[in-house]
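What follows is a short report on a single structure.
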Amino acid sequence: MSGAELLLLLVIALLVLGAHRLPEAGRMLGKGLRDFQRALNEARRAVDQDREPTRPSGRPPSPPPSPSPSRRLSD
């Protein structure tokens, strides 16, 4: 965003909100952005925790059951 665009947005905000309410609107916007960033970071942490492999409990994993040999009965 260029400086001219930012200045235009500030002038429009000043006209719409007025000089007394503009600082309050800025604080509310800043608080909303902080809350959004905090929620985004928490969601990222939750996804990262889900992706971490589980740590072994000290015991080796049990081997899969071996297939039983197929027997053919002949007459």
Side-chain angles (χ1 to χ4, degrees):
M1 194 180 285
S2 70
E5 292 172 341
L6 185 60
L7 183 61
L8 180 63
L9 285 175
L10 288 175
V11 169
I12 291 172
L14 183 60
L15 291 173
V16 171
L17 298 174
H20 296 289
R21 294 182 63 197
L22 191 59
E24 180 184 339
R27 279 191 295 273
M28 287 175 37
L29 180 65
K31 183 178 183 286
L33 288 174
R34 280 191 305 271
D35 290 343
F36 177 74
Q37 186 68 34
R38 186 176 303 126
L40 187 62
N41 287 337
E42 288 176 8
R44 284 181 182 161
R45 262 187 254 125
V47 168
D48 288 343
Q49 286 177 353
D50 288 345
R51 288 185 182 174
E52 286 182 9
T54 56
R55 297 187 179 173
S57 62
R59 297 183 309 178
S62 59
S66 59
S68 61
S70 60
R71 291 187 236 170
R72 187 169 178 188
L73 296 174
S74 5
D75 288 308

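Both backbone and side-chain heavy atoms feed into the values below; hydrogens, waters and symmetry mates do not.
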Checking R38 now: which residues fulfil side chain to side chain donor-acceptor pair (under 3.5 Å) with it, not counting sequence neighbours? D35

Through direct or indirect side-chain contacts below 4.5 angstrom among Ile, Leu, Val, Met, Phe, Trp and Tyr, which residues connect to L33? L29

Determine whether E5 and L9 make a side-chain contact, defined as any pair of heavy atoms from C-beta on separated by less than 4.5 Å. no

Do L8 and V16 belong together in a cluster built from hydrophobic side chains that touch within less than 4.5 Å? yes

Please report the shortest heavy-atom distance between A13 and L22, naming the atom on each side. CB-CD1, 3.9 Å

All pairs passing salt bridge (charged side-chain N to carboxylate O under 4.0 Å, His left out) where residues 19-28 contributes a residue, at least two apart: none

With the 4.5 Å side-chain cut-off for hydrophobic clustering, are L14 and L17 part of the same group? yes

